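Working notes, beginning with the structure itself.
Convention: sequence-line order gives letters A, B, ...; per-chain numbering from 1. Keep in mind that this is a model prediction, so the values were computed, not measured.
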There are 2 protein chains.
Amino acid sequence: MAAALELFVERGFHSTPTSAISKHAGVSAGILFHYFKTKDDLIYTLFLETKLEFLQAMNVGMEKVRSPEGKFRLIWSNAWNYGVDNLVKFKFVQQIHHSPLIDRIKEDPSIAELTTAMTTAIQTSIEAGILKNVPIELLMNNFYYLIIGLVELIGKQPELRRDNTFIEQAWECFWDCHRA
Amino acid sequence: MAAALELFVERGFHSTPTSAISKHAGVSAGILFHYFKTKDDLIYTLFLETKLEFLQAMNVGMEKVRSPEGKFRLIWSNAWNYGVDNLVKFKFVQQIHHSPLIDRIKEDPSIAELTTAMTTAIQTSIEAGILKNVPIELLMNNFYYLIIGLVELIGKQPELRRDNTFIEQAWECFWDCHRA
DNA sequence: TAATCTATTGAGTGACTACTCAATCACAAA
DNA sequence: TTTGTGATTGAGTAGTCACTCAATAGATTA
């Protein structure tokens with residue numbers, strides 16, 4: 001799966017033959033179909049696993065933070081840090097996400113569980129007057145896309161990561177977009 | 001090219017055989033290669049054309065607006081309106097954008113010309129104290145990704161488009177993210 | 001040891017695909 | 001009418017790919 005991930009990001013999953021995957025992994029061509037019914041099945045599994053890992057990473061350390069703004073900031077930094085640390089996985093998820101494959105993936109229960117947890121957290125922050133009182137889909141959307149954008153920007157210019165003023169400015173933009 | 005666009009968005013460009021394109025366009029299989037050297041060439045041309053159209057659409061009516069906030073709001077609404085009106089084209093650009101094909105496309109001169117025009121416009125707004133004094137890449141990035149996100153949200157829930165309060169709220173988030 | 005199961009191999013196959021090319025067609029200039 | 005030029009056709013080709021399967025290796029249990 002690690003071999004597949006690398007090749008998918010480098011060449012795209014449609015231009016990556018299963019033969020290339022097995023060769024890159026140092027195994028035979030046939031064994032791939034012992035573990036995955038089809039190539040699509042491999043892609044699907046890889047996507048789900050990666051996306052779950054990503055969503056879980058966003059919640060690390062949440063119990064240590066009290067203030068809503070603090071929680072919000074932690075999710076924000078967890079998210080982009082994980083993305084930057086795992087650029088290959090991140091790019092893979094994005095690639096799948098913008099391909100016509102996803103439709104059937106969206107409703108997966110394990111994904112749904114994690115996203116609804118976040119939805120309710122945001123909902124309560126709105127009601128507490130901490131976040132803008134706007135439709136939750138809008139807030140979640142801004143939330144999501146600003147982080148995606150930040151990861152892609154830092155991915156292209158890695159030196160920004162060590163630039164504390166830059167990070168603070170990015171946070172300020174993000175927070176201003178959401179706060180009440 | 002219209003036929004190709006539709007199929008690419010529906011099935012992805014790697015899963016769309018050239019034979020399907022010509023059939024859908026009601027022409028023979030061979031003629032496609034009379035106008036385009038390869039299938040990649042067709043994709044590339046389609047992408048460039050669409051992206052240029054998109055960038056141009058963002059600047060429509062700019063001469064009629066005076067205030068910087070007004071200009072900003074116009075670009076914003078031009079952008080998402082064009083995206084929503086041309087969802088197929090928009091999805092296609094996004095699909096290409098997140099595939100490993102783009103690298104060679106980025107530096108195309110006609111694209112570069114339009115983006116630098118926008119970069120300087122934003123730069124002057126920063127210096128005039130209208131926009132946040134943060135690195136321009138960050139501002140442009142937020143700009144770009146918030147619009148992408150809005151188009152995808154309205155694309156999924158078209159009824160939002162007629163919802164004036166929703167549009168105002170979206171603008172408020174967008175503006176708060178950028179304003180000084 | 002024998003028997004049973006799973007893991008692994010890699011040559012082989014049928015289906016599909018990007019692209020070619022010789023032939024025809026449409027049309028306009030001489 | 002003749003000649004020339006580009007548009008169009010579609011059957012054909014060489015190559016690629018996902019997937020199969022019979023055979024082997026290895027591990028586990030009785």
Side-chain angles (χ1 to χ4, degrees), chain A residues 1-51 88-89 91-106 108, chain B residues 1-51 88-89 91-106 108:
Chain A
M1 289 177 81
L5 194 65
E6 283 179 36
L7 293 175
F8 284 161
V9 170
E10 195 177 315
R11 312 163 42 167
F13 43 89
H14 274 116
S15 322
T16 303
T18 52
S19 59
I21 299 174
S22 46
K23 188 179 288 179
H24 193 234
V27 293
S28 76
I31 194 62
L32 210 146
F33 297 91
H34 180 68
Y35 291 99
F36 304 97
K37 250 173 78 98
T38 63
K39 185 187 177 186
D40 269 10
D41 186 34
L42 165 64
I43 298 177
Y44 180 82
T45 309
L46 201 49
F47 176 77
L48 258 192
E49 202 173 86
T50 313
K51 182 136 195 185
V88 171
K89 288 180 183 177
K91 282 182 185 172
F92 172 69
V93 172
Q94 286 300 103
Q95 199 179 307
I96 297 276
H97 205 267
H98 287 92
S99 91
L101 283 174
I102 16 152
D103 298 338
R104 54 179 185 139
I105 297 180
K106 282 269 177 63
D108 188 276
Chain B
M1 288 178 82
L5 193 66
E6 283 179 34
L7 293 175
F8 285 160
V9 170
E10 195 176 316
R11 313 163 44 166
F13 42 89
H14 274 116
S15 323
T16 303
T18 54
S19 59
I21 300 175
S22 46
K23 188 181 286 179
H24 192 233
V27 293
S28 76
I31 194 63
L32 209 147
F33 297 91
H34 179 68
Y35 290 101
F36 304 97
K37 252 173 77 100
T38 62
K39 185 187 177 186
D40 269 10
D41 186 33
L42 164 64
I43 298 178
Y44 180 82
T45 309
L46 201 49
F47 177 76
L48 258 191
E49 201 174 88
T50 312
K51 183 140 191 181
V88 172
K89 289 181 181 176
K91 283 182 183 170
F92 172 69
V93 171
Q94 286 301 103
Q95 197 180 309
I96 298 276
H97 206 266
H98 287 90
S99 92
L101 282 174
I102 16 151
D103 298 339
R104 53 176 187 141
I105 296 181
K106 282 269 177 62
D108 188 274

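Counting heavy atoms from C-beta on, the side chains of B:I96 and B:K51 never come closer than 4.5 Å. Using a 4.5 Å heavy-atom threshold, the side chains of B:K37 and B:Y44 count as separate. Put simply, the side chain of A:S15 does not reach to within 4.5 Å of the side chain of A:E10, judged on heavy atoms.
Using a 4.0 Å heavy-atom cutoff across all strands shown, B:F36 reaches no nucleic acid atom at all.
The side chain to side chain donor-acceptor pair (under 3.5 Å) test applied to A:K39 returns no partner, not counting sequence neighbours. In this structure A:H14 satisfies the ring pair (Phe, Tyr, Trp, His ring centres under 6.0 Å) test together with B:H14, sequence neighbours excluded. A:F92 is linked by a ring pair (Phe, Tyr, Trp, His ring centres under 6.0 Å) to A:F8, counting only residues two or more places apart in sequence or in another chain.
Summarising the geometry, the separation between CD1 on A:I31 and C1' on D:dC19 is reported as 14 Å, rounded to the nearest angstrom. Taking atom CZ on A:R11 and atom P on D:dT16, their separation rounds to 12 Å, with Å as the unit. One interatomic measurement links the two molecules: CZ of B:F33 to P of D:dG12, which rounds to 18 Å at whole-angstrom precision.
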**Request:** Show the numbers, then the answer: is there a side chain to side chain contact (heavy atoms under 4.5 Å, CB included) between B:M1 and B:L42?
**Result:** CA-CA 8 Å; B:M1 288 178 82; B:L42 164 64; 4.2 Å; yes
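Taking 4.0 Å as the cutoff to heavy atoms of chain A, we find the contact window on DNA chain C bounded by C:dA7 to C:dG10.
Pairs passing the side-chain hydrogen bond (donor to acceptor under 3.5 Å, both in side chains) check and including a residue from residues 16-25 of chain B, sequence neighbours excluded, do not occur.
Within residues 12-26 of chain B, the residues approaching DNA chain C are B:T16, B:P17, B:T18, by heavy-atom distance under 4.0 Å.
Between B:H34 and D:dA7 there is a side-chain polar atom (N or O) within less than 4.0 angstrom of OP1 or OP2.
If you find the closest nucleotide of DNA chain C to B:K39 and to A:G30, the one lying nearer the 5' end belongs to A:G30.
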